[in-house]
Amino acid sequence: MSSLIKIAVILAFAAVATGNLPKILHQIRIAQIQLLKDYQASKWPKAMILPSR
């Protein structure tokens, strides 16, 4: 877990240094919204399957 934090910090500093931080934050927000929608869709009740004869 510690190495993951270190990698995230290095990438954040690189994004700030290159001026790409706003673009990266925008992409993160889009990904978060997509994850929320996928999660909500998975919580919908499943369709009832009628028994076959």
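Between the CD1 atom in Ile33 and the CG atom in Asp38 there is a gap of 12.0 Å [rounded to 0.5 Å]. The structure places CD of Gln34 at 10.0 Å from CD1 of Ile30, a figure rounded to the nearest 0.5 Å. Rounding to the nearest 0.5 Å gives a distance of 9.0 Å between OG1 of Thr18 and NZ of Lys23.
In terms of hydrophobic clustering, with Ile, Leu, Val, Met, Phe, Trp and Tyr side chains grouped at heavy-atom distances under 4.5 Å, Ile10 and Ile24 are assigned to different clusters. The hydrophobic cluster containing Leu21 does not contain Leu11, counting ILVMFWY residues as joined when their side-chain heavy atoms lie under 4.5 angstrom apart, directly or transitively.
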